[in-house]
Amino acid sequence: MKSCKTEFLVIGSHQHLNKIKINRLCVGSTEIKKLSSVRNLRAWFDTSMAMTTHIGKACNEAFFCLYKIGQIRNFLSEEATVTLIQAFVTSHLDYCNSFFVW
């Protein structure tokens, strides 16, 4: 049997989420589990749309890039280091920024 990659998320206020008791959906013979956060196009969404999961994961990726750049820093010029930071670190932090506007 193939593993199901489909997930679902219920979004709402804490009061509304406490009223909903759905933990899984069955579609044919496939069971779809409810998650507290899901990923779509590298953006993470959580039940309250607070984006805390997305922010945490984006910061982790950015810090990992900084760590990797730091390991090779002695072999890079200042201009190359700035370029790498702008290309990798900033792109992780800026990705999906439009979600934070509303």
Side-chain angles (χ1 to χ4, degrees):
M1 182 175 160
K2 292 183 181 179
S3 70
C4 179
K5 294 183 180 182
T6 304
E7 306 161 334
F8 81 96
L9 175 72
V10 178
I11 298 171
S13 66
H14 291 291
Q15 295 84 6
H16 287 109
L17 292 173
N18 288 334
K19 296 176 187 177
I20 298 172
K21 302 297 180 202
I22 300 171
N23 291 321
R24 63 187 172 104
L25 296 173
C26 291
V27 179
S29 62
T30 303
E31 182 178 294
I32 304 170
K33 295 181 181 177
K34 180 177 87 170
L35 300 175
S36 59
S37 62
V38 294
R39 181 177 161 184
N40 188 17
L41 298 175
R42 218 178 86 207
W44 287 86
F45 300 90
D46 53 35
T47 56
S48 62
M49 291 301 286
M51 302 300 286
T52 53
T53 304
H54 176 76
I55 293 166
K57 292 193 181 277
C59 288
N60 284 343
E61 289 178 19
F63 279 117
F64 181 72
C65 285
L66 280 175
Y67 171 75
K68 290 301 214 179
I69 292 169
Q71 287 184 316
I72 62 170
R73 175 63 183 102
N74 292 335
F75 305 104
L76 301 172
S77 67
E78 185 174 337
E79 183 179 337
T81 304
V82 169
T83 302
L84 279 175
I85 290 172
Q86 289 173 344
F88 294 108
V89 177
T90 309
S91 68
H92 284 296
L93 295 177
D94 284 344
Y95 189 77
C96 296
N97 260 355
S98 60
F99 292 128
F100 303 121
V101 174
W102 58 286

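Keep in mind it's a predicted model, so treat the numbers as computed, not measured.
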TODO: Report yes if some heavy atom in the side chain of Thr47 is under 4.5 Å from a heavy atom in the side chain of Leu9; otherwise report no.
DONE: yes
- [ ] Find the distance between CG (Leu35) and CG (Asp46) and round it off to the nearest 0.5 Å.
- [x] 12.0 Å
Open item on the list: How long is the straight-line distance from OH of Tyr67 back to CD1 of Ile72, given to the nearest 0.5 Å?
Closed with: 12.0 Å
Ignoring hydrogens and angles, write down the donor-acceptor pairs under 3.5 Å from the side chains of residues 15-22, residues two or more places apart or on other chains.
residue	atom	partner	partner atom	Å
Gln15	OE1	Ser13	OG	3.3
His16	ND1	Ser13	OG	2.8
Asn18	ND2	His14	O	3.1
Lys21	NZ	Asn18	O	2.9

- [ ] Give the minimum heavy-atom separation between Arg73 and Glu78, together with the two atoms involved.
- [x] NH2-CA, 4.0 Å
Open item on the list: Would a single hydrophobic cluster contain both Ile85 and Leu76, if residues Ile, Leu, Val, Met, Phe, Trp and Tyr are joined by side-chain heavy-atom contacts under 4.5 Å?
Closed with: yes
Task: Hydrophobic cluster membership, Phe64 vs Phe88, 4.5 Å side-chain cutoff - done: no
Open item on the list: Distance check, rounded to the nearest 0.5 Å: Thr52 atom OG1 versus Lys57 atom NZ?
Closed with: 11.0 Å
Open item on the list: Testing the basics here: between Phe8 and Ile32, what is the closest heavy-atom pair and its distance to 0.1 Å?
Closed with: CE2-O, 3.5 Å
